[in-house]
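Take a look at the structure below.
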Amino acid sequence: MSQNEGNTKERTVTLHVVSSLDGFIAKKDNSVSWLNSPGKVYEAGVSISEEEVATFLKAIDCYVLGSRTYEHALELGWPFGDTPVVVVTSREWPPSSSTRKTVEFYSGDLKTLVDVKLAPRYRNIWLVGGAMLCQRFLELGLVDEFRLTIAPVLLGEGLRLFGGSLTEQRWNLKDVVAYKNGFIELSYSAVSS
Ligand SMILES: NC(=O)c1ccc[n+]([C@@H]2O[C@H](COP(=O)([O-])OP(=O)(O)OC[C@H]3O[C@@H](n4cnc5c(N)ncnc54)[C@H](OP(=O)(O)O)[C@@H]3O)[C@@H](O)[C@H]2O)c1
């Protein structure tokens, strides 16, 4: 049993993605070299140590991702460690010896996923893509915190984070952090209705 079991009220769903300056989160060929920053150091920016990153990641209780992001993560190298991962899909995934023990597949209503399946077990829930799943979560008002990391690059084409049919939504700016590598992180919280 997770230590957060029963703590349904305090769950936070944080959407986190990295976007190019022109709003793309993936290139057409799925290559990820654009996520590296060979540019000039931004001296006024901050840098974080590996220990700080590890402490930060340790506080994440669960990741939620769409099946295409899952498949891409398998190709690139698993970035989620031993943290539980829920993959949203409408497909049947036959049992496979290569499926990690920490991975669960979910089909169905997304509000039920958050309120019934995740909230009783996890407090700090991270939705990490892709574009399709993030848009559905935003449309349904299931995102509490929004962290958008902007990479210092224009891609020109690719997969748009906001290519769908979102309607106007206000968000409260919580924090802005500029990093030495030229990336900027914008953090917002949902405006409660
Ligand atoms: N830059 C970044 O931070 C970042 C982050 C994440 C991903 N990415 C990139 O984004 C790309 C993938 O994004 P994507 O938008 O194409 O796909 P995605 O959101 O990762 O996955 C889409 C799939 O998720 C499932 N899905 C989504 N909504 C669903 C719902 N309401 N009910 C049931 N299933 C649902 C469906 O799976 P089935 O088809 O199995 O039914 C759908 O085909 C990859 O290239 C990845 O590397 C970039």
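Ligands are counted one by one from 1 in listed order, and the atoms in each one are counted from 1 as well. Residues: numbered from 1 along the sequence shown.
Y63 and F80 have tilted rings, their planes meeting at an angle from 30° to 60° on a 0 to 90° scale.
Considering backbone and side-chain N/O of G129, none are found under 3.5 Å from N/O of ligand 1. Checking only distances, M132 does come within under 3.5 Å of ligand 1, N or O to N or O. Considering backbone and side-chain atoms alike, V17 places every N or O at 3.5 Å or more from each N or O of ligand 1. For W93, no nitrogen or oxygen atom sits less than 3.5 Å from a nitrogen or oxygen atom of ligand 1, counting backbone and side chain alike. Between W34 and ligand 1, no pair of N/O atoms sits closer than 3.5 Å. Not one N or O of R136 is nearer than 3.5 Å to an N or O of ligand 1, by distance alone. Between G130 and ligand 1, a contact under 3.5 Å exists for at least one N or O pair. The distance criterion of under 3.5 Å between nitrogen or oxygen atoms is not met by L159 with respect to ligand 1. Geometrically, ligand 1 and N30 share a nitrogen or oxygen pair separated by less than 3.5 Å.
Nearest protein heavy-atom contact of atom 8 (N) of ligand 1 is I25 CD1, 3.9 Å. Closest to atom 12 (C) of ligand 1, if we only count protein heavy atoms, is T69 OG1, 3.6 Å. Protein heavy atom closest to atom 41 (O) of ligand 1, with residue, atom name and distance, is S90 OG, 2.5 Å. For atom 3 (O) of ligand 1, the closest non-hydrogen atom of the protein is V18 N, 2.7 Å. Residue, atom and distance of the protein heavy atom nearest to atom 31 (N) of ligand 1 are L110 CD1, 3.6 Å. In terms of protein heavy-atom proximity, atom 16 (O) of ligand 1 is closest to R68 NH1, 2.9 Å. Nearest protein neighbour of atom 9 (C) of ligand 1, counting heavy atoms only, is A26 CB, 3.9 Å. Nearest non-hydrogen protein atom to atom 46 (C) of ligand 1 is H72 ND1, 3.4 Å.
With F183 as the fixed residue, the side chain to side chain contact (heavy atoms under 4.5 Å, CB included) test singles out one of V18, V177, V153: V18.
Looking at E52, its side chain does come within 3.5 Å of a backbone N or O of S49 through a donor-acceptor pair. Y188 places no side-chain N or O within 3.5 Å of a backbone atom of V191 that could act as its donor or acceptor partner. S20 contributes a side-chain N or O that, together with a main-chain N or O of F24, makes up a donor-acceptor pair within less than 3.5 Å. A donor-acceptor distance shorter than 3.5 angstrom exists from the side chain of T55 to the backbone of E51, with no hydrogens or angles considered.
The closest non-hydrogen atom to atom 38 (P) of ligand 1, taken over S20, S19, G66, S67, comes from S67. Residue nearest to atom 5 (C) of ligand 1, selected from L140, V88, V128: V128 (by heavy-atom distance). Scanning T149, L76, L133 for the heavy atom closest to atom 28 (N) of ligand 1 points to L133.
Side chains of S96 and S98: a donor on one and an acceptor on the other come within 3.5 Å. For the residue pair R91 and S67, a side-chain donor N or O sits within less than 3.5 Å of a side-chain acceptor on the partner.
Under a hydrophobic clustering in which Ile, Leu, Val, Met, Phe, Trp and Tyr are joined whenever their side-chain heavy atoms come within less than 4.5 Å, directly or via other members, I25 and L148 fall into the same cluster. By the criterion of side-chain heavy atoms lying less than 4.5 angstrom apart, applied directly or through intervening Ile, Leu, Val, Met, Phe, Trp or Tyr residues, I125 is not grouped with F56; the two fall into different hydrophobic clusters.
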(message) What verdict does the side chain to side chain donor-acceptor pair (under 3.5 Å) test give for N124 and W126, after you've listed the backbone C-alpha separation in whole Å, the side-chain angles of each residue and the deciding distance to 0.1 Å?
(response) CA-CA 7 Å; N124 191 10; W126 277 52; 2.9 Å; yes
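Contact between L142 and V13 at its shortest, heavy atoms only, is O-CB, 3.3 Å.
Between E139 and R136 there is a salt bridge, since a side-chain N of the basic residue sits under 4.0 Å from a carboxylate O of the acidic one.
In R91, the parts holding a heavy atom less than 4.0 Å from any atom of ligand 1 are both the side chain and the backbone.
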